[in-house]
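First up is the structure itself, then whatever we jot down about it.
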Amino acid sequence: MKKILVLLCVITLSTAAFAQEKMEKMDKMKSEKMAKSDDGIMMKDGKMMVMKNGETMQMDKDMKMSNGTMVMTDGSMKMKNGKTMMMKDGEMIKMNGKMSKMKMDKMKDDK
């Protein structure tokens, strides 16, 4: 009887440890995916900033997005169809070329 109880305890503890390890891996993958989804270029305080892997740095060269849009260091953009536009403060273009507005709390965190 004691052997069965000991065996059940060992199985229970090893299952709990395995579940904890799996949860940690899932959390890490989720945070990496979120960081990657935030990658892009934004206009902040009149300066072009590149966000990559959770880090923000000043844009130092023109960049081409995956949809063919070119983003210049002065904030101008030239779409694949030839249309041009100027980015405004708080606007962001993701690496796939989709435009979005930066969330206010995100802009405050970077200061």
Side-chain angles (χ1 to χ4, degrees):
M1 184 70 176
K2 282 185 180 181
K3 289 181 182 180
I4 293 175
L5 283 174
V6 169
L7 183 62
L8 282 174
C9 287
V10 168
I11 291 172
T12 303
L13 291 174
S14 63
T15 303
F18 178 74
Q20 179 68 29
E21 185 179 310
K22 188 173 182 178
M23 287 299 294
E24 288 172 359
K25 284 182 182 178
M26 288 175 58
D27 288 344
K28 184 178 179 184
M29 287 173 50
K30 185 177 177 183
S31 64
E32 287 173 356
K33 185 176 180 182
M34 286 181 67
K36 193 166 194 132
S37 69
D38 285 344
D39 288 356
I41 302 170
M42 69 175 177
M43 172 79 77
K44 180 180 172 196
D45 298 327
K47 296 177 185 170
M48 294 299 289
M49 306 298 284
V50 178
M51 293 176 55
K52 193 160 191 152
N53 298 325
E55 292 185 34
T56 304
M57 63 202 92
Q58 191 160 352
M59 185 177 178
D60 60 354
K61 62 181 179 180
D62 297 346
M63 295 179 70
K64 188 174 188 175
M65 305 294 104
S66 63
N67 71 346
T69 299
M70 284 294 297
V71 181
M72 279 46 113
T73 56
D74 65 355
S76 60
M77 297 186 335
K78 185 172 184 178
M79 279 54 148
K80 192 175 181 180
N81 64 8
K83 182 181 172 185
T84 59
M85 66 175 282
M86 190 72 173
M87 289 182 71
K88 298 177 186 77
D89 228 32
E91 289 183 334
M92 178 176 186
I93 184 165
K94 303 278 185 164
M95 295 310 232
N96 63 8
K98 303 282 184 198
M99 288 290 295
S100 67
K101 276 275 194 195
M102 282 298 299
K103 298 179 184 95
M104 288 307 290
D105 61 330
K106 191 90 164 151
M107 290 182 74
K108 288 177 187 174
D109 287 346
D110 292 335
K111 286 189 176 180

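In terms of heavy atoms, K52 sits closest to D39 at CA-OD1, 3.3 Å. Across all non-hydrogen atoms, the minimal contact from M48 to M87 is CE-SD, 3.5 Å. The two atoms that bring M65 and K94 nearest to each other are SD-O, 3.4 Å, heavy atoms only. In terms of heavy-atom proximity, T69 sits nearest to I93 at CG2-CD1, 4.0 Å. What you find for V50 and M63 is that their closest heavy atoms are CG2-SD, 4.0 Å. Minimum interatomic distance between N96 and S66 (heavy atoms only, all atoms of both residues): CA-OG, 3.1 Å.
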Report the C-alpha distance between Q58 and M49 in whole Å, list the side-chain angles of each, state the deciding distance to 0.1 Å, and finish with yes or no for side-chain contact (heavy atoms from CB on, under 4.5 Å). CA-CA 4 Å; Q58 191 160 352; M49 306 298 284; 4.2 Å; yes
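The hydrophobic clustering, which links ILVMFWY residues whose side-chain heavy atoms are closer than 4.5 Å, places M85 and I41 together. Hydrophobic cluster membership is shared by M57 and M59, with clusters built from Ile, Leu, Val, Met, Phe, Trp and Tyr side chains linked at under 4.5 angstrom.
The neighbour count for I4 CD1, taken as heavy atoms of other residues, nucleotides or ligands under 6.0 Å away, does not exceed 12.
Atom CE of M51 is separated from atom OG1 of T56 by 4.5 Å, given to the nearest 0.5 angstrom. Atom CE of M86 and atom CG of D74 lie 5.0 Å apart (nearest 0.5 Å).
Remark: the backbone N or O of K47 is not paired with any side-chain donor or acceptor of D45 at under 3.5 angstrom.
Among the candidates K80, M70, K78, M95, the single residue satisfying the side-chain contact (heavy atoms from CB on, under 4.5 Å) test with K64 is M70.
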